[in-house]
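Written out below as C-alpha cells is the structure these notes cover.
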Amino acid sequence: MIIHDAIFTDRGSKYAVSGGPCASAAEAKAFIKQLCRKKKFAKATHNTWGVLLPDGTPLKNDDGEAGAGMIILRMLEREARVGEIVVVTRWFGGVHLGGDRFRRVQDAVRYYLDAT
C-alpha cells in the first residue's frame, strides 16, 4: 500500500491519495478496510476509489463524492493501469468546491500515477 498524505489543500479541504495492487472485488474491499484502520482515513469525509481488474471489470465507489469514482476509473483506463486500485481521500474543509472537486480528484490521481 502506497499512501501520499496531505498532498494539497483547497479552501480548507485536505487531500491524500493511496494505491496498490488489486486483482478482485474482495481485494478492493480489503484494501479500503486496511486503509481505514488508520484512524485519520476512517474519519475522512470521502474515500473514493476505482480499479480496473485484470479480467477487464471496472469497479468504483464514490463514497458520497458523486462522480469521483468514474474520474479515477477513466484516468486508470487512459493510463492502462490494470490491477491497481487508487483511492482519493478528502477531508471536507467547510467550503463546497463545486466542480473544482473533480479537478482536485484528477490532481490527486495524477500525483499518484506520476509518483509510481
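Values reported hereafter were calculated over all heavy atoms of this structure, with side chains retained and with hydrogens, waters and symmetry mates removed. Sequential numbering from 1 along the given sequence is applied to the chain's residues. Note that the coordinates shown come from a computational prediction; the quantities given were computed from them, not determined experimentally.
Judged as a salt bridge (Lys or Arg N to Asp or Glu O under 4.0 Å), and not counting sequence neighbours, the contacts of R110 are E79, D114. K29 pairs by the side chain to side chain contact (heavy atoms under 4.5 Å, CB included) definition with nothing, not counting sequence neighbours. Residues forming a side chain to side chain contact (heavy atoms under 4.5 Å, CB included) with S24 (at least two apart in sequence, or on another chain): A26, E27. For Y111, the ring-ring contact (aromatic ring centres under 6.0 Å, His included) partners at least two apart in sequence or on another chain are H4. Contacts of F8 classified as ring-ring contact (aromatic ring centres under 6.0 Å, His included), with partners at least two apart in sequence or in another chain: Y15.
Taking every heavy atom of both residues into account, C22 and P54 meet most closely at O-CD, 4.0 Å. Minimum interatomic distance between A23 and L53 (heavy atoms only, all atoms of both residues): C-CD2, 3.7 Å. Minimum interatomic distance between A42 and C36 (heavy atoms only, all atoms of both residues): CB-O, 3.2 Å.
With rounding to the nearest 0.5 angstrom, the NZ atom of K60 is 9.5 Å from the CZ atom of R74. To the nearest 0.5 angstrom, R37 atom CZ is 12.0 Å from I32 atom CD1. Distance CD1/I72 to CG/D62: 8.0 Å, rounded to 0.5 Å.
Both I3 and I85 sit in one connected hydrophobic cluster of ILVMFWY residues. Membership requires side-chain heavy atoms under 4.5 Å apart, directly or through other members. Both V17 and F102 are part of a single hydrophobic cluster, where members link through side-chain heavy atoms under 4.5 Å apart. Residues V82 and F31 do not share a hydrophobic cluster, defined by chaining ILVMFWY side chains whose heavy atoms lie under 4.5 Å apart. By the rule that hydrophobic residues join a cluster once side-chain heavy atoms approach within less than 4.5 Å of another member, L113 and I71 end up as members of one cluster. Linking Ile, Leu, Val, Met, Phe, Trp and Tyr residues whenever their side-chain heavy atoms come within less than 4.5 Å places L76 and I2 in a single cluster.
Counting heavy atoms from C-beta on, the side chains of R103 and Q106 come closer than 4.5 Å. Counting only heavy atoms from C-beta outward, the side chains of L35 and M1 approach each other to under 4.5 Å. Contact annotation: the side chain of E65 approaches that of R101 to within less than 4.5 Å [non-hydrogen atoms, C-beta and beyond].
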Start with the C-alpha distance between V86 and M75, add both sets of side-chain angles, then the distance that settles side chain to side chain contact (heavy atoms under 4.5 Å, CB included), and finish with yes or no. CA-CA 10 Å; V86 175; M75 291 183 75; over 6 Å; no
Stepwise side chain to side chain contact (heavy atoms under 4.5 Å, CB included) check, T116 with E84: CA-CA 11 Å; T116 57; E84 187 172 11; 4.1 Å; yes
Do any side-chain atoms of residues 44-52 form donor-acceptor pairs under 3.5 angstrom with protein atoms, and if so which ones, sequence neighbours left out?
from	atom 1	to	atom 2	distance (Å)
T45	OG1	F92	N	2.9
H46	ND1	D63	O	2.8
N47	OD1	T89	OG1	2.7
N47	ND2	F41	O	3.1
T48	OG1	V88	O	3.2

